[in-house]
> 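Okay, handing you the structure first.
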Amino acid sequence: MPKLIFVLLDACRFDAITQTAGYLEHLVDYHKGAKYRVRGELPSMSRPMYETLMTGLPPWQHGVVNNDVRRLSRCPNLFSLCRERGLVTAAAAYVWYSELYNNPAFDPLTDRYQLERESGIQHGIFYFEDQYPDSHLFLDGEFLRRRYHPDFLLIHSMNIDYWGHRKGGDHKQYIFAVQQAAEFLSRLLPLWLEEGCQVLITADHGMNSLGLHGGPPENERTVPLYLFTPKAVAGRFTDEEISQLNVAPLVCRLLEIPPAEGMRRQLEVRLVENS
């Protein structure tokens, strides 16, 4: 059964990771992976884009239209689709993921660790402070991977978003946060690939120079997609933007599960024939 690690770098702009992620860019240069430029949906806000990434639907359809919509997902999503097929799911992620896919009334006293559950996310470690260190977050994800061997593992980082809001998207601290996340990935990615995991790295939205996001400017909406799997054609495909609506059905294809009704059927990502 193919396994997939989905790394979500919250608020990571396309240009910021392109200028800092030397190892990821190196792998693409040597045709060990693929890179795309993604045009995110609107509003370019976190909770709506989490739901878009997990359901393949635009906000007007899934109904999570701002960060204040606090309820469980009402649409088939990657976690529920995996569970229907008997796949194991796990997430090391911000509290909003728990609220969307496990429990809308998150209590840090009882819900930070949600392990061996029968919910959408079976094995979850959830943090609730945006400055929770990425170094800890990635190791939370690695713990879940080693302990529970999930078929679909989400690792969701918030440090880039945190520093973007504090300093702005053009500040060196924001760029440094992107670089630090990419550097930590360079420690884990070789191990993941050696053990046969597929890896997808993307972002929900970007960040403007004022430390804000939500609208249509390129720096708030244009994000990267790195893909490491033998099922994808390797190379740099960044001359044109592809839609963020590709991500959820792409994950379904990589996990070999049927996409939900309403997800895109014709992907803009180049896959190997018969994959």
Side-chain angles (χ1 to χ4, degrees), residues 1-8 14 28 31 33-65 72-89 91 97 100-101 120-121 150-154 156 196-205 216 221-275:
M1 178 67 69
K3 296 181 182 294
L4 177 74
I5 300 172
F6 188 124
V7 179
L8 179 57
F14 179 90
V28 175
H31 283 77
K35 183 183 181 183
Y36 290 85
R37 180 192 300 264
V38 174
R39 184 171 181 81
E41 287 290 306
L42 291 174
S44 51
M45 304 175 73
S46 292
R47 203 185 296 244
M49 293 305 95
Y50 300 165
E51 182 74 333
T52 287
L53 287 167
M54 295 298 109
T55 66
L57 302 174
W60 72 265
Q61 281 188 277
H62 62 59
V64 181
V65 296
L72 287 173
S73 173
R74 296 173 180 170
C75 303
N77 56 73
L78 293 176
F79 296 110
S80 67
L81 294 171
C82 285
R83 296 291 291 120
E84 287 173 5
R85 292 284 163 168
L87 274 59
V88 177
T89 61
Y97 264 93
L100 274 168
Y101 305 108
I121 302 172
D151 301 292
F152 177 55
L153 168 62
L154 171 72
H156 171 220
C197 297
Q198 305 174 96
V199 181
L200 185 155
I201 303 167
T202 192
D204 49 349
H205 56 74
R221 194 173 184 184
T222 305
V223 298
L225 173 64
Y226 292 94
L227 191 57
F228 302 97
T229 170
K231 296 182 180 182
V233 177
R236 195 176 300 279
F237 308 108
T238 56
D239 290 341
E240 297 181 359
E241 291 182 330
I242 68 170
S243 170
Q244 197 171 41
L245 301 179
N246 285 276
V247 175
L250 171 62
V251 170
C252 291
R253 183 79 64 86
L254 298 178
L255 288 174
E256 300 177 5
I257 61 175
E261 185 177 351
M263 284 185 181
R264 285 194 171 206
R265 293 303 193 268
Q266 189 67 37
L267 296 178
E268 298 171 308
V269 175
R270 304 182 190 191
L271 298 178
V272 175
E273 290 185 12
N274 300 320
S275 64

> Can you name the closest pair of heavy atoms from Val272 and Pro230 and give their distance?
CG2-O, 3.4 Å
> By side-chain contact (heavy atoms from CB on, under 4.5 Å), which residues pair with Val28, not counting sequence neighbours?
Lys35, Tyr226, Arg236
> Measuring only between side-chain heavy atoms, which start at C-beta, is Cys82 closer than 4.5 Å to Asp151?
no
> Could you walk me through whether Glu240 and Arg37 pass the side-chain contact (heavy atoms from CB on, under 4.5 Å) check?
CA-CA 7 Å; Glu240 297 181 359; Arg37 180 192 300 264; over 6 Å; no
> Would you give the length of the straight line joining atom OH of Tyr50 to atom NE2 of His156, rounded to the nearest 0.5 angstrom?
3.5 Å
> Using the test ring-ring contact (aromatic ring centres under 6.0 Å, His included), find all partners of Phe14 that sit at least two apart in sequence or belong to another chain.
none
> Could you walk me through whether Val269 and Leu225 satisfy the side-chain contact (heavy atoms from CB on, under 4.5 Å) test, starting with their C-alpha distance in whole Å, then the side-chain angles of each, then the deciding distance to 0.1 Å, before giving a yes or no?
CA-CA 10 Å; Val269 175; Leu225 173 64; 4.3 Å; yes
> What is the distance from atom CG of Leu250 to atom CG of Leu78, rounded to the nearest 0.5 Å?
10.0 Å
> Roughly how far apart are Leu154 CG and Ile121 CD1, rounded to 0.5 Å?
7.0 Å
> Please report the closest heavy-atom contact between Thr55 and Cys75, naming both atoms and the distance.
CG2-CB, 4.1 Å
> Thr229: what forms a side-chain hydrogen bond (donor to acceptor under 3.5 Å, both in side chains) with it, not counting sequence neighbours?
Gln198
> For Gly120, does its backbone N or O pair with a side-chain atom of Ser80 as donor and acceptor, under 3.5 Å?
no
> If I compare all heavy atoms of Leu254 with all of Leu4, which pair ends up nearest, and what's the gap?
CD1-CD1, 4.2 Å
> For the residue pair Val233 and Ala34, what are the closest heavy atoms and their distance?
O-CB, 3.4 Å
> Flag the pair Met49 / Glu41 as yes when at least one side-chain heavy-atom distance between them is below 4.5 Å, and no otherwise.
yes
> Measure the spacing between CG of Asn246 and CD of Glu268 and express it to the nearest 0.5 Å.
4.5 Å
> Should the pair Phe79 and Phe152 be assigned to parallel (<30°), tilted (30 to 60°) or perpendicular (>60°) ring geometry?
tilted
> What heavy-atom pair brings Ala248 and Met263 nearest, and what distance separates the two atoms?
CB-CE, 3.8 Å
> What distance do Glu256 atom CD and Leu87 atom CG have between them, rounded to the nearest 0.5 Å?
9.5 Å
> Distance from Phe6 atom CZ to Leu153 atom CG, nearest 0.5 Å?
11.0 Å
> Side chains of Asp204 and Val223: does their closest heavy-atom pair fall under 4.5 Å?
no
> Suppose the criterion is salt bridge (Lys or Arg N to Asp or Glu O under 4.0 Å): which pairs have a residue in residues 76-87, not counting sequence neighbours?
Arg83-Glu118
> Can any side-chain N or O of Thr222 pair as donor or acceptor with the backbone N or O of Arg39 at less than 3.5 Å?
no
> Name every donor-acceptor pair, under 3.5 Å, that has one atom in a side chain of residues 58-65 and the other anywhere in the protein, sequence neighbours excluded.
| unit_1 | atom_1 | unit_2 | atom_2 | d |
| --- | --- | --- | --- | --- |
| His62 | ND1 | Val64 | N | 3.0 |
| His62 | NE2 | Pro48 | O | 3.3 |
| His62 | NE2 | Thr52 | OG1 | 2.9 |

> Check whether any side-chain heavy atom of Ser46 lies under 4.5 Å from a side-chain heavy atom of His205, and answer yes or no.
yes
> Just to verify, what does Tyr101 make a side-chain hydrogen bond (donor to acceptor under 3.5 Å, both in side chains) with, not counting sequence neighbours?
Glu51
> A side-chain contact here means heavy atoms from C-beta on lying under 4.5 Å apart; do Pro150 and Thr89 qualify?
no
> For Pro249 and Gly56, which heavy atoms make the closest approach, and how far apart are they?
CD-CA, 4.5 Å
